[in-house]
Amino acid sequence: MSSYENILFEKKNQLAYVAINRPTKLNALNRAVMRELDDVFAKISEDEEVRAVILTGAGEKAFVAGADVGELATQSSVEGKEFSLWGQRILNRIETLGKPVIAAINGYALGGGCELAMACTLRIASENARLGQPEVKLGIMAGYGGTQRLPRLVGKGMAMQLLLTGEQISGTEAYLIGLVNKVVPYAELIPTAEKVAQAMIANAPLALKYSMEAVNRGLEGTQEDGLFLEATLFGLCCTTDDKKEGTQAFLEKRPAQFKGK
Ligand code: COA
């Protein structure tokens with residue numbers, strides 16, 4: 001079903017499975033991968049059959065080992081800035097997809113790989129995962145949102161430590177600092193991601209969408225503005241058929257049948 005050269009894409013049980021597929025280069029993000037990621041997430045956002053996404057890396061060694069160092073090596077300052085903005089836009093598309101995206105981190109998630117995982121709604125790591133922002137070791141810095149999303153997830157102190165030492169941490173360490181939501185044995189990674197995705201999509205689609213929007217936008221402004229946004233989106237939920245169905249189903253002691261309307 002995949003018509004891409006650098007990613008694998010399939011749909012099953014209302015889930016889209018996207019795997020970055022350059023295993024011989026540890027799934028490093030070159031321009032071709034980024035273009036295809038942008039395209040597949042644009043399609044997923046329009047696809048009503050897909051309720052959530054599982055994003056992973058092909059092979060057993062890497063989620064994504066970073067932006068492609070070969071491409072980075074030849075960039076001028078102007079190209080570097082455009083490259084960073086372009087990547088940020090693609091990761092923003094993932095963060096604001098309106099459907100949950102679960103990063104299933106199956107190995108190295110370094111540099112742009114860690115940043116890609118952080119743009120996802122949540123992260124599940126296998127026990128062999130290695131996460132980090134090693135850009136400073138190459139004389140550059142995080143450019144796909146790492147300096148912004150990492151402190152929001154783990155706090156300023158831990159973010160500074162990771163961004164400035166360039167050290168790698170294990171899945172378990174990442175779990176302890178809140179960088180990943182769960183850490184599981186390798187064989188249980190995709191089944192766990194599927195379980196979490198299914199638990200989410202059993203709920204009302206618009207309620208999920210507006211919850212993510214309230215969190216994402218709310219974190220960017222003041223708490224007062226965030227609370228107002230929450231109240232407005234809460235009000236919007238109250239106008240939906242799914243709210244009528246959800247509350248009625250509870251009162252009638254039966255499972256709700258949500259329609260996303
Ligand atoms: N960009 C381009 N190629 C990459 C890459 C990257 N970010 N990460 C790995 N690769 C390539 C290697 O060059 C190698 O290619 P080759 O077989 O053609 O020589 C292949 O993937 C396998 O990597 P290798 O380094 O041999 O594996 P390893 O197990 O010894 O080490 C890492 C794994 C992840 C520790 C190491 O590959 C690494 O440090 N990668 C770069 C990480 C990084 O700095 N990312 C941030 C970039 S901004």
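As a basis for the values below, the full set of heavy atoms in this structure was taken, side chains included, without hydrogen atoms, waters or symmetry mates. Note that ligands are numbered from 1 as they come in the structure, with each ligand's atoms numbered from 1 the same way.
Protein heavy atoms are found inside the 4.0 Å sphere centred on atom 43 (C) of ligand 1. Shown here, atom 23 (O) of ligand 1 is in close reach of the protein: a heavy atom of it lies under 4.0 Å off. The protein does not reach atom 19 (O) of ligand 1 closely, with no heavy atom under 4.0 angstrom from it. Within the 4.0 angstrom cut-off, atom 26 (O) of ligand 1 has no protein heavy-atom neighbours. There is no protein heavy atom closer than 4.0 angstrom to atom 39 (O) of ligand 1. Counting protein heavy atoms under 4.0 angstrom from atom 12 (C) of ligand 1 gives zero. Under the 4.0 Å distance rule, the nearest protein heavy atom to atom 34 (C) of ligand 1 falls inside the cut-off.
Distances from atom 15 (O) of ligand 1 to the heavy atoms of Lys25, Gln133, Met141 put Lys25 nearest.
Residues Glu252 and Gln248 have side chains that bring a donor and an acceptor to within less than 3.5 angstrom of each other. Between the side chains of Gln161 and Glu167, at least one donor-acceptor pair of N or O atoms lies under 3.5 Å.
Taking every non-hydrogen atom of Lys61 and a distance limit under 4.0 Å, the qualifying atoms of ligand 1 come out as 27 (O), 28 (P), 29 (O). Shown in contact with Glu135 at under 4.0 Å from a heavy atom are these atoms of ligand 1, numbered in order with element: 48 (S). Every atom of ligand 1 with a heavy atom of Pro134 under 4.0 Å away is listed here by number and element: 43 (C), 44 (O), 45 (N), 46 (C). Every atom of ligand 1 with a heavy atom of Leu110 under 4.0 Å away is listed here by number and element: 34 (C), 42 (C). Residue Asp68 has at least one heavy-atom neighbour below 4.0 Å for each of these atoms of ligand 1: 1 (N), 2 (C). Those atoms of ligand 1 that come under 4.0 Å of a heavy atom in Leu72, given as number and element, are 48 (S).
The closest approach between any non-hydrogen atom of Thr24 and ligand 1 is below 4.0 Å.
Summary of contacts: the protein heavy atom closest to atom 36 (C) of ligand 1 is Leu26 CD1, 4.6 Å. The protein heavy atom nearest to atom 31 (O) of ligand 1 is Tyr108 OH, 4.4 Å. Closest to atom 2 (C) of ligand 1 among all protein heavy atoms lies Val69 N, 3.5 Å.
Distance check, rounded to the nearest 0.5 Å: CE of Met34 to CD of Glu71 gives 10.5 Å. With values rounded to the nearest 0.5 angstrom, Glu135 atom CD is found 10.0 Å from Thr147 atom OG1. For the atom pair CD1 (Ile44) and CG (Leu97), the distance works out to 7.0 Å, reported to the nearest 0.5 Å.
Ion pairing of Arg152 with Glu220 is present here, as a side-chain N (NZ or NE/NH1/NH2) and a carboxylate O approach within less than 4.0 Å. Checked for salt-bridge contact, Arg217 and Asp225 miss the test: no charged N lies under 4.0 Å from a carboxylate O.
No N or O atom of Ala28 sits closer than 3.5 Å to an N or O atom of ligand 1.
With a 4.0 Å cut-off on non-hydrogen atoms, Ala65 touches ligand 1 through its backbone as well as its side chain. At a heavy-atom distance under 4.0 Å, only side-chain atoms of Leu138, from C-beta outward, approach ligand 1.
Ring centroid separation for the pair Phe41 and Phe9 does not come in under the 6.0 Å cut-off.
Residue Glu79 places its CD atom among more than 12 non-hydrogen atoms of other residues, nucleotides or ligands, all under 6.0 Å distant. Met158 CE: more than 12 foreign heavy atoms inside a 6.0 Å radius.
The other members of the hydrophobic cluster of Leu229, by chain and number, are Leu206, Tyr210, Leu233, Leu236 (side-chain heavy atoms under 4.5 Å, ILVMFWY only).
What you find for Gln133 and Cys114 is that their closest heavy atoms are OE1-CB, 3.3 Å.
Within the 3.5 Å criterion, the main-chain N or O of Leu179 finds a donor-acceptor partner in the side chain of Arg123.
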